[in-house]
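Numbering of residues begins at 1 and proceeds along the displayed sequence. Values below: every heavy atom of this structure, side chains too, minus hydrogens, waters and symmetry copies. Quick caveat: nothing in here was measured; it's all calculated off a predicted structure.
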Amino acid sequence: MLNVVVLVSGGGTNLQAILDKISSGELTNTRISAVISNNEGAYALTRAECAGIPAECISPKQFETREQFHQALLAGVKKYAPDLVVLAGFLVILPPELIAEYKNRILNIHPSLIPSFCGTGYYGLKVHEAVLARGVKLTGATVHFVDESTDTGPILLQKAVEVKQGDTVKQLQQRVMEEAEWEILPKAIHAVANGTVRFEDGKAWILEGEAQ
Ligand code: GAR
């Protein structure tokens, strides 16, 4: 059974998608042992509590220095001895120590088709604002493993979503979530949990026929 810790910052709809797919049996061999938020008001914490999962807040505001926050976050994750850490809308730059400790064992969901609209400053609604401002006709979401830089790690899954004329930022965000994020994040975790992910030359993929 894959032991997963999920890190969140906000509403937690991706966390909910993971929980729902575990309940429905589409996501197998997976147990969420804890949900950690950097933001004490995150609704994701309530979702975790409703599902009977330990939920806690580790916020930079609780510490005098960034270094102390980093140490606390690392300790907070390690306490649960996860096999996989999932960033489900976690909008804080990860401590380098955490990235090193969990190399190829941290998954992130990003709301665009990487390498477009990603990197420093591209998160949440800002991504969709930039997509609309540029006028691209296809956007989507990406699940990738986390490395030392922002949104540069090995890509595992992507799904494209159409941009429609007249879309507002919120409408586009909702469509990207419904059509892409809530599907590919649980699917990626399922692949890790069932041993079908491979790495070669700094790239990752799911063995053919195994992604469903
Ligand atoms: C999601 O759209 C996720 O892709 C994005 O934050 C949102 C969180 O929503 N993450 C990033 O932008 C990371 N760079 P949720 O709390 O409802 O899952």
Report summary line: T152 meets the side chain to side chain contact (heavy atoms under 4.5 Å, CB included) criterion, sequence neighbours left out, with D147, S149
Query - Contacts of type ring pair (Phe, Tyr, Trp, His ring centres under 6.0 Å), residue F145, not counting sequence neighbours - result: F199
**Report entry** Those residues that, when tested against T168, pass side chain to side chain contact (heavy atoms under 4.5 Å, CB included) (two or more places apart)
**Finding:** K170, Q171
Indicate every side-chain donor-acceptor pair of residues 123-138 with a distance under 3.5 Å to a residue at least two apart or in another chain.
{"from": "K137", "atom 1": "NZ", "to": "G135", "atom 2": "O", "distance (Å)": "2.7"}

Query raised in the report: For P115, what residues pass the side chain to side chain contact (heavy atoms under 4.5 Å, CB included) criterion, not counting sequence neighbours?
Result: none
Query raised in the report: Excluding sequence neighbours, so at least two apart, what forms side-chain hydrogen bond (donor to acceptor under 3.5 Å, both in side chains) with E67?
Result: Q71
Query raised in the report: Considering residues at least two apart in sequence or located in another chain, which fulfil the ring pair (Phe, Tyr, Trp, His ring centres under 6.0 Å) criterion with Y43?
Result: none
Query raised in the report: Going by the salt bridge (charged side-chain N to carboxylate O under 4.0 Å, His left out) test, which pairs reach into residues 88-104, not counting sequence neighbours?
Result: K78-E101
**Report entry** side chain to side chain donor-acceptor pair (under 3.5 Å) contacts touching residues 45-61 (sequence neighbours left out)
**Finding:** Q16-R47, E56-K79, E56-Y80
**Report entry** Partners meeting salt bridge (Lys or Arg N to Asp or Glu O under 4.0 Å) with D151 (sequence neighbours left out)
**Finding:** none
Query raised in the report: Please, which pairs that meet side chain to side chain donor-acceptor pair (under 3.5 Å) have at least one residue in residues 176-186, sequence neighbours excluded?
Result: T13-W182, N14-E181, K159-E183, Q174-E178
Query raised in the report: Can you list the other members of the hydrophobic cluster that holds M1, where links are side-chain heavy atoms under 4.5 angstrom apart?
Result: none
Query raised in the report: With respect to L87, which candidate in I109, L94, L107, V143 satisfies the side-chain contact (heavy atoms from CB on, under 4.5 Å) definition?
Result: L94
